Amino acid sequence: MLDRLTSIEVFTRVVTTGNFSAAGRALGLSQTMVTKHITALEARLGAALVHRSTRKIALTEAGQRYLEAGQRILADMEAADAAITADRIDPVGLLRVNAPVSFGTDYIAPILPSFANLYPHITVDLALNDRLVDLVEEGWDLAIRIGNLSDSQLTARRLGSYQTVVCAAPSYLAAHGTPRTIAELTGHNCLGYTLSRPFGVDRWAFGAKGDIDVTISGNLRANNGDALCHAAVAGQGIIYQPTFIVGEALQCGALVALALDQPTKATGGIYGVYPPGRNPPAKVRVLLDFLIERFAGLPWEFNSPT
């Protein structure tokens with residue numbers, strides 16, 4: 001079966017060039033193929049579109065109406081193609097971005113004004129939550145993912161890295177002592193992160209591969225790292241959090257990183273992920289480039305104890 005849109009294009013070219021052979025040359029088709037397209041259209045419509053003669057063609061009344069409709073269809077297709085091409089080339093339009101609450105609040109939102117100055121024709125729709133959103137199903141253009149990426153069909157670009165740190169306030173350590181081994185953590189008030197994967201809220205993973213775990217307990221659990229950080233700074237207990245949560249508190253001395261006998265689990269990094277496709281829209285590419293540039297200095301890092 002011949003493609004109907006191609007047949008419409010052939011028909012309009014026959015009319016504008018005045019004969020079948022000229023239309024074929026313009027489209028790179030043989031005169032026989034041009035004839036097949038016109039015949040297929042007429043058979044589908046059940047009406048003649050052109051009167052054929054040896055020198056020229058003439059439109060029937062049905063052909064005139066169909067020509068006008070066909071030209072509108074082709075113009076709409078060209079406009080649609082141009083819009084998609086522009087979207088791929090020019091950074092414009094609505095950009096829907098999803099990010100974890102703490103990271104998005106502390107490191108994405110503050111730099112968006114600078115991004116807006118660079119790309120005034122992009123409107124960013126930023127949503128902050130800690131659940132794993134479905135980009136395709138929910139219509140997100142880009143999501144920020146932290147940690148080890150699970151296998152998926154999404155495309156990812158690494159934006160930066162981070163460390164994880166076990167830390168506590170000087171006031172807590174003065175009152176309860178400073179643990180030197182991971183085994184000693186079982187005797188301390190350890191504040192748990194309820195969204196922790198894969199061990200859960202009651203165990204902390206250590207070792208480069210995360211294959212050493214310690215059971216912990218404490219009088220506070222939370223699904224947000226900033227909430228745990230505030231509690232730790234107030235002296236409530238020990239926390240195990242990424243440096244983008246505790247980095248500022250460590251820098252100013254409000255928290256102290258613990259030097260234990262096992263390293264914290266290696267992290268997977270910070271990524272921008274977007275739906276699969278050969279080339280993401282320009283609005284996604286420029287935001288990814290912008291984030292990579294801004295995060296190059298790892299503003300949340302500090303020198304961990306040895």
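Keep in mind the model is a prediction, meaning the values are calculated, not measured.
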Working for ring-ring contact (aromatic ring centres under 6.0 Å, His included), residues Phe103 and Phe295
CA-CA 12 Å; Phe103 189 83; Phe295 296 158; 5.6 Å; yes
Working for side chain to side chain contact (heavy atoms under 4.5 Å, CB included), residues Val50 and Phe11
CA-CA 9 Å; Val50 294; Phe11 170 64; 3.9 Å; yes
Between Asp213 and Arg203, does the salt bridge (charged side-chain N to carboxylate O under 4.0 Å, His left out) criterion hold? Intermediate values first, please.
CA-CA 6 Å; Asp213 65 281; Arg203 286 191 292 171; 3.2 Å; yes
If you apply the rule side chain to side chain contact (heavy atoms under 4.5 Å, CB included), what do you find for Asn224 with Leu228, and how did you get there?
CA-CA 7 Å; Asn224 178 266; Leu228 295 175; over 6 Å; no
Begin with the C-alpha distance, continue with both residues' side-chain angles, and end with the deciding distance and a verdict on salt bridge (charged side-chain N to carboxylate O under 4.0 Å, His left out) for Asp202 and Arg221.
CA-CA 9 Å; Asp202 296 321; Arg221 298 175 173 185; 2.7 Å; yes
Pair Ser102, Asp226 - check side-chain hydrogen bond (donor to acceptor under 3.5 Å, both in side chains), show working.
CA-CA 6 Å; Ser102 294; Asp226 283 329; 3.0 Å; yes
Please lay out, stage by stage, how Leu95 and Thr123 fare under the test side chain to side chain contact (heavy atoms under 4.5 Å, CB included).
CA-CA 6 Å; Leu95 177 56; Thr123 299; over 6 Å; no
Evaluate the side chain to side chain contact (heavy atoms under 4.5 Å, CB included) criterion for residues Arg294 and Leu159: first the C-alpha distance (whole Å), next the side-chain angles of each, then the deciding distance (0.1 Å), finally the verdict.
CA-CA 9 Å; Arg294 286 304 186 100; Leu159 306 178; over 6 Å; no
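Between Ala99 and Gly104, the shortest heavy-atom contact is CB-CA, 4.1 Å. Across all their heavy atoms, Leu250 and Ala257 have their closest contact at CD2-N, 3.6 Å. Taking all atoms of both residues into account, the shortest heavy-atom contact from Pro110 to Asp106 is CG-O, 3.3 Å. Here the closest heavy-atom approach between residue Tyr271 and residue Arg158 is recorded as OH-NH1, 2.9 Å. The two atoms that bring Val233 and Ala249 nearest to each other are CG2-CB, 4.1 Å, heavy atoms only. Heavy-atom minimum distance, Val256 versus Pro170: CG2-CG, 3.8 Å.
Put simply, the side chain of Phe115 does not reach to within 4.5 Å of the side chain of Leu118, judged on heavy atoms. The shortest side-chain heavy-atom distance between Leu41 and Tyr66 falls under the 4.5 Å cut-off. Between Thr267 and Ser161, every side-chain heavy-atom pair lies at or beyond the 4.5 Å cut-off. Under the 4.5 Å side-chain criterion, counting only non-hydrogen atoms from C-beta, Ile38 is not in contact with Met33. Contact of the Leu135 side chain with the Asp141 side chain is not registered, since no non-hydrogen atoms from C-beta on lie closer than 4.5 Å. In this structure the side chain of Leu191 never reaches within 4.5 angstrom of the side chain of Ile216, judged on heavy atoms. You'll find the side chain of Pro242 stays beyond 4.5 Å of the side chain of Ile146, heavy atoms only. For the pair Leu126/Leu112, a side-chain contact is recorded, criterion being any heavy-atom separation below 4.5 Å from C-beta on.
Atom CD1 in Ile292 sits 11.5 Å away from atom CD1 in Ile270 (nearest 0.5 Å). With rounding to the nearest 0.5 Å, the separation of CG in Leu291 from CD1 in Ile144 is 5.5 Å. With rounding to the nearest 0.5 Å, the separation of CG in Leu173 from CD1 in Ile238 is 6.5 Å. Atom CG of residue Leu59 and atom CD of residue Glu68 lie 9.5 Å apart, to the nearest 0.5 angstrom. Atom OG in Ser7 sits 10.5 Å away from atom CG in Leu49 (nearest 0.5 Å). Here OG1 of Thr6 is found 6.0 Å from NE2 of His37. Values are rounded to the nearest 0.5 Å.
Shown here are the salt bridge (Lys or Arg N to Asp or Glu O under 4.0 Å) partners of Asp134, two or more places apart in sequence or in another chain: there are none. Every residue was checked against the side-chain hydrogen bond (donor to acceptor under 3.5 Å, both in side chains) condition with Thr17, not counting sequence neighbours, and none meets it.
A donor-acceptor pair under 3.5 Å links the side-chain atoms of Thr60 to the main chain of Ala48, judged by distance alone. In terms of modelled atom types and a separation under 3.5 Å, the side chain of Arg96 and the main chain of Leu142 share no donor-acceptor contact. Checked by atom type and distance alone, the side chain of Tyr240 never pairs as donor or acceptor with a backbone atom of Cys167 at under 3.5 Å. Side chain of Thr16 to backbone of Arg13: a donor-acceptor contact under 3.5 angstrom is found. Side chain of Asn223 to main chain of Thr194: no donor-acceptor pair is present (N/O by atom type, distance under 3.5 Å, no hydrogens or angles). In this structure, Lys283 contributes its side chain and Ile122 its backbone to no donor-acceptor pair below 3.5 Å. Judged by distance alone, the side chain of Asp261 and the main-chain N or O of Ile182 form a donor-acceptor pair under 3.5 Å.
When the side chains of ILVMFWY residues are joined at heavy-atom separations under 4.5 Å, either directly or via intervening members, Leu195 and Leu132 end up in two distinct hydrophobic clusters. Under the 4.5 Å side-chain contact rule for hydrophobic residues, Val136 and Val273 do not share a cluster.
Using modelled atom types and a 3.5 Å distance limit, the side chains of Asn219 and Asn189 yield a donor-acceptor pair.
Within a 6.0 Å sphere centred on CZ of Arg180, heavy atoms belonging to other residues, nucleotides or ligands number 12 at most. Surrounding CD of Gln262 are more than 12 heavy atoms belonging to other residues, nucleotides or ligands, all under 6.0 Å away.
For the side-chain contact (heavy atoms from CB on, under 4.5 Å) test with Phe20, the passing option among Thr32, Leu29, Thr35 is Thr35; the others fail.
For residues 20-31, the side chain to side chain donor-acceptor pair (under 3.5 Å) pairs, not counting sequence neighbours, are Asn19-Ser21.
Aromatic ring orientation, Tyr162 versus Phe244: perpendicular (interplanar angle above 60°, classes split at 30° and 60°).
Ion pairing between a basic and an acidic side chain is recognised when a charged N comes within 4.0 Å of a carboxylate O; Arg4 and Glu9 show no such pairing. By the 4.0 Å N-to-carboxylate-O rule, Arg157 lies close enough to Asp289 to be salt-bridged with it.
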